[in-house]
Protein chains: 2
Amino acid sequence: MQNRNPTTSETKQPAKFRMTRQRRVILEELRKENIHPTADMLYEMVRKRLPHISLGTVYRNLELLTAMGEIQTLEISGSQKRYDGIPQKHYHIRCIYCGRMDDAPIAPLNSLEDNLYGATVYTIMGHRLEFLGLCPECSLNETARRFAEQALPAEAAL
Amino acid sequence: MQNRNPTTSETKQPAKFRMTRQRRVILEELRKENIHPTADMLYEMVRKRLPHISLGTVYRNLELLTAMGEIQTLEISGSQKRYDGIPQKHYHIRCIYCGRMDDAPIAPLNSLEDNLYGATVYTIMGHRLEFLGLCPECSLNETARRFAEQALPAEAAL
DNA sequence: ATAACTGCAAAGGCTTTGCATGGAT
DNA sequence: ATCCATGCAAAGCCTTTGCAGTTAT
């Protein structure tokens with residue numbers, strides 16, 4: 001009878017956590033717009049409401065909220081982690097020039113894993129899929145387009 | 001002695017690369033077995049043949065070889081980058097417990113991006129797909145299985 | 001001579017952690 | 001009183017970079 005199934009549960013007794021003001025504001029800001037911010041972006045957002053919060057607190061709460069299943073930590077590509085206020089599985093699109101991330105407007109393709117059935121020695125338990133391209137703004141930027149053209153042959157390979 | 005004196009100085013000479021011993025050994029070790037090592041793993045491998053090589057040289061060559069299109073830098077999940085001696089597009093499978101990575105035995109699914117046509121404001125130019133699971137060794141490890149069970153609901157979401 | 005390259009070490013960017021304080025039960 | 005959470009700063013980890021010396025052309 002462990003709390004081993006972290007879906008979006010509202011069951012708030014299993015672990016002892018306190019919904020502190022910091023934690024609540026972090027969650028609210030993360031869910032306000034789905035911009036998938038980095039920790040420091042979120043820190044700046046939260047700081048407008050809680051000027052004395054520390055970056056360490058932001059990181060600690062992001063880790064805790066992830067463990068609670070309230071949010072997702074996206075460790076996909078690039079150097080910085082991004083955080084997603086929506087805990088349900090979904091794919092993302094990322095602009096390879098400015099880093100903007102949006103949710104991909106398609107449902108998870110669970111059948112993708114069928115392609116590996118019997119073909120691998122691994123026990124497959126999930127997958128990640130991320131689409132890459134240019135966001136609307138960067139699509140209009142000549143420099144960004146040139147960058148993408150030469151970056152993607154290498155970048156797009158997985 | 002290639003002196004063309006006049007007019008537009010568009011001297012955009014492609015950089016000259018020297019296949020130094022360090023660079024060659026790095027490439028050889030990376031391609032010897034397709035283990036997708038991290039920089040420090042590769043450093044240790046290379047050090048057995050070139051004991052005085054520096055980690056900085058390994059990083060610099062990995063970056064250069066990537067720019068040359070000889071290898072791939074995988075910025076997928078987790079904290080450390082991994083390097084792939086095969087420059088062609090292909091997917092990967094990763095063990096979420098020990099980090100082992102293998103090539104996925106399926107061809108790139110280019111039609112995946114069709115799902116987004118007309119549904120996004122982005123200019124889609126590529127995608128990444130990574131399968132997650134347990135490698136054969138970790139599949140036999142009870143601790144690893146417990147870890148995967150509780151990690152993947154959060155981890156597998158994208 | 002020139003430009004590419006290396007080893008070394010320092011610096012950098014992002015994240016985690018130790019510690020003393022503060023707040024809730 | 002206890003336990004969790006916070007702010008602050010230091011430490012940690014991985015990667016990049018500055019510099020002076022080295023090597024190939």
Side-chain angles (χ1 to χ4, degrees), chain A residues 3 12-30 36-68 70-83 99 101, chain B residues 1-3 11-27 29-30 36-68 70-83 99 101:
Chain A
N3 52 315
K12 56 184 300 186
Q13 289 302 49
K16 276 208 169 171
F17 72 90
R18 297 171 187 165
M19 187 46 76
T20 60
R21 179 179 348 184
Q22 288 89 337
R23 188 162 299 156
R24 182 171 42 74
V25 172
I26 287 170
L27 194 50
E28 284 173 6
E29 289 297 321
L30 194 50
H36 311 83
T38 60
D40 56 292
M41 285 173 171
L42 187 58
Y43 174 55
E44 291 305 327
M45 293 159 67
V46 169
R47 220 140 65 113
K48 291 179 181 145
R49 295 172 58 186
L50 302 175
H52 299 299
I53 196 171
S54 78
L55 184 56
T57 296
V58 172
Y59 273 109
R60 269 187 289 235
N61 276 294
L62 288 170
E63 184 183 5
L64 197 105
L65 289 165
T66 298
M68 290 165 63
E70 293 293 325
I71 67 170
Q72 288 186 68
T73 299
L74 307 177
E75 294 184 342
I76 311 243
S77 311
S79 49
Q80 287 183 71
K81 290 181 183 175
R82 287 175 171 264
Y83 299 90
M101 275 187 83
Chain B
M1 55 190 69
Q2 61 288 35
N3 283 356
T11 23
K12 173 64 163 58
Q13 284 279 8
K16 292 197 298 191
F17 302 111
R18 297 175 187 166
M19 187 48 73
T20 60
R21 184 197 312 218
Q22 288 89 338
R23 186 162 300 157
R24 182 172 41 75
V25 171
I26 287 170
L27 194 51
E29 290 297 319
L30 193 51
H36 309 84
T38 59
D40 56 293
M41 285 172 171
L42 187 58
Y43 175 54
E44 291 305 327
M45 292 159 67
V46 170
R47 223 142 61 115
K48 290 177 180 147
R49 294 173 58 186
L50 302 174
H52 299 300
I53 197 172
S54 78
L55 184 55
T57 295
V58 172
Y59 273 109
R60 269 186 290 234
N61 275 294
L62 287 170
E63 184 185 6
L64 200 107
L65 289 166
T66 299
M68 290 166 65
E70 291 293 321
I71 66 170
Q72 288 187 66
T73 299
L74 308 176
E75 294 184 342
I76 312 245
S77 311
S79 49
Q80 288 183 72
K81 290 181 182 174
R82 285 173 172 268
Y83 299 89
M101 274 187 86

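Just so we're on the same page: letters track the sequence lines, and every chain starts at 1. This one's a predicted model, so the numbers in the text were calculated from it and none came from an experiment. Excluded from the calculations below are hydrogen atoms, water molecules and symmetry mates; all remaining heavy atoms, backbone and side chain alike, are included.
- To the nearest 0.5 angstrom, A/K81 atom NZ is 12.5 Å from A/T38 atom OG1.
- Within the 4.0 Å cut-off from OP1 or OP2 of D/dC14, not a single side-chain nitrogen or oxygen of B/T38 is found.
- Within the 4.0 Å cut-off from OP1 or OP2 of D/dC4, not a single side-chain nitrogen or oxygen of A/T20 is found.
- Axis angle, first five pairs versus last five pairs of the helix from C/dA1-D/dT25 to C/dT25-D/dA1: 10°, rounded to 10°.
- In terms of modelled atom types and a separation under 3.5 Å, the side chain of A/R23 and the main chain of A/N61 share no donor-acceptor contact.
- Atom P of nucleotide C/dT15 and atom CG of A/L42 are separated by 12 Å, given to the nearest angstrom.
- Within the structure, the salt bridge (charged side-chain N to carboxylate O under 4.0 Å, His left out) test picks out the following pairs touching residues 36-46 of chain B (sequence neighbours left out): B/E44-B/R47.
- Comparing atom distances between the A/R23 side chain and each of C/dG22, D/dT23, D/dT6 picks out D/dT6 as nearest.
- Summarising the geometry, the separation between CZ on B/R21 and C1' on D/dT22 is reported as 13 Å, rounded to the nearest angstrom.
- C/dT16 atom C1' lies 13 Å from atom CG of A/L62, rounded to whole Å.
- Between A/K81 and C/dG13 there is no side-chain polar atom (N or O) within less than 4.0 angstrom of OP1 or OP2.
- Distance CD (B/Q80) to P (D/dG12): 17 Å, rounded to an integer number of Å.
- DNA chain D is contacted by A/H52, A/I53, A/S54, A/T57, A/R60 of residues 44-60 of chain A, taking any non-hydrogen atom closer than 4.0 Å.
- To the nearest 0.5 angstrom, B/L50 atom CG is 11.0 Å from B/Y43 atom OH.
- The OG1 atom of B/T57 sits 13.0 Å away from atom NE2 of B/H52, with the distance rounded to the nearest 0.5 Å.
- A distance of 5.5 Å separates CG of A/L42 from CG of A/L62, quoted to the nearest 0.5 Å.
- Taking CZ from A/R18 and NZ from A/K16, the interatomic distance works out to 8.0 Å, rounded to the nearest 0.5 Å.
- B/E29 and B/M45 make their closest contact through O-CE, 3.5 Å (heavy atoms, listed as atom of the first residue, atom of the second, distance).
- Atom-to-atom, CG of B/N61 to C1' of D/dT16 comes out at 14 Å; the value is rounded to the nearest Å.
- C/dT15 atom C1' lies 16 Å from atom CG of A/L74, rounded to whole Å.
- Atoms CE (A/M19) and P (D/dC4) sit 16 Å apart, rounded to a whole Å.
- In this structure, the nucleotide among C/dT6, D/dT16, C/dA24 sitting nearest to the side chain of A/R18 is C/dA24.
- In this structure, B/L65 and B/L30 have side chains that are not in contact, with every pair of non-hydrogen atoms separated by 4.5 Å or more.
- Nucleic acid contact for B/Q22: sugar-phosphate only, since backbone atoms but no base atoms lie under 4.0 Å from a heavy atom of the residue.
- For the pair A/Y43 OH and C/dC14 C1', the computed distance is 14 Å after rounding to whole Å.
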